[in-house]
Amino acid sequence: MLTTRRASGRQVITLDVVVDIANAGEMGRELTELVRRCPEPCVVIDVRTPIVTAAGVSMLELVRAEAVYRGKALRVVVHHRLAHQVMRIAGVERLLDVRPSPREAPQGSG
């Protein structure tokens with residue numbers, strides 16, 4: 001479900017399953033634990049699914065809170081236009097740094 005890799009001073013976590021009400025708790029716990037253990041100053045969540053549900057948005061907000069608590073920057077990369085539109089409509093872009101591709105997610109914290 002989740003794969004991780006380090007790239008250019010970032011921990012990149014690939015999310016390739018739709019997060020919904022049935023799996024949001026488990027996925028949130030896994031992501032939070034990965035953020036907690038991450039030695040890098042920046043965590044990138046690479047969302048590969050075309051759909052982002054309300055449960056997925058809420059989960060990302062909770063993961064962001066963990067990252068902030070740990071002093072880490074959190075970036076969210078979204079590859080599908082529909083998923084990006086859902087995040088924009090939900091107002092998530094005001095809280096999360098949402099980007100269209102990994103190369104555009106800047107390094108560092110903040």
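The side-chain heavy atoms of Val92 and Leu60, taken from C-beta on, include no pair separated by under 4.5 Å. Arg48 places a side-chain heavy atom less than 4.5 Å from the side chain of His79. Between Met27 and Leu2 the shortest side-chain heavy-atom distance falls below 4.5 Å.
Nearest approach of Ala7 to Val12, heavy atoms of both residues: CB-CG2, 4.4 Å. Minimum heavy-atom separation, Arg75 to Cys42: CG-SG, 3.8 Å. Of all heavy-atom pairs between Leu82 and Pro50, the closest is CB-O, 3.7 Å. Residues Cys38 and Val43 approach most closely at SG-CG2, 3.8 Å, considering heavy atoms. Taking every heavy atom of both residues into account, Gly9 and Pro41 meet most closely at O-CD, 3.5 Å. Here the closest heavy-atom approach between residue Lys72 and residue Pro39 is recorded as NZ-C, 4.2 Å.
For the atom pair CD (Glu26) and CG (Leu31), the distance works out to 10.5 Å, reported to the nearest 0.5 Å. The CZ atom of Arg29 lies 12.0 Å from the CE atom of Met59; values are rounded to the nearest 0.5 Å.
There is a path of hydrophobic side-chain contacts, each under 4.5 Å, that joins Leu34 to Val47. Hydrophobic clustering of Ile, Leu, Val, Met, Phe, Trp and Tyr side chains at less than 4.5 Å, counting indirect connections, keeps Met87 apart from Leu95.
Every pair passing salt bridge (Lys or Arg N to Asp or Glu O under 4.0 Å) that includes a residue from residues 49-67 is listed here, sequence neighbours excluded: Arg36-Glu66, Glu66-Arg70.
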Compile the donor-acceptor pairs under 3.5 Å between side chains in residues 13-23 and protein atoms, sequence neighbours left out, one pair per line.
| from | atom 1 | to | atom 2 | distance (Å) |
| --- | --- | --- | --- | --- |
| Asp20 | OD1 | Ala22 | N | 3.0 |
| Asp20 | OD1 | Asn23 | N | 3.2 |
| Asn23 | OD1 | Asp20 | N | 2.7 |
| Asn23 | ND2 | Val18 | O | 3.1 |

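Residues satisfying the side chain to side chain contact (heavy atoms under 4.5 Å, CB included) criterion with Arg81, sequence neighbours excluded, are Gln85. Partners of Arg88 by salt bridge (Lys or Arg N to Asp or Glu O under 4.0 Å), not counting sequence neighbours: none found.
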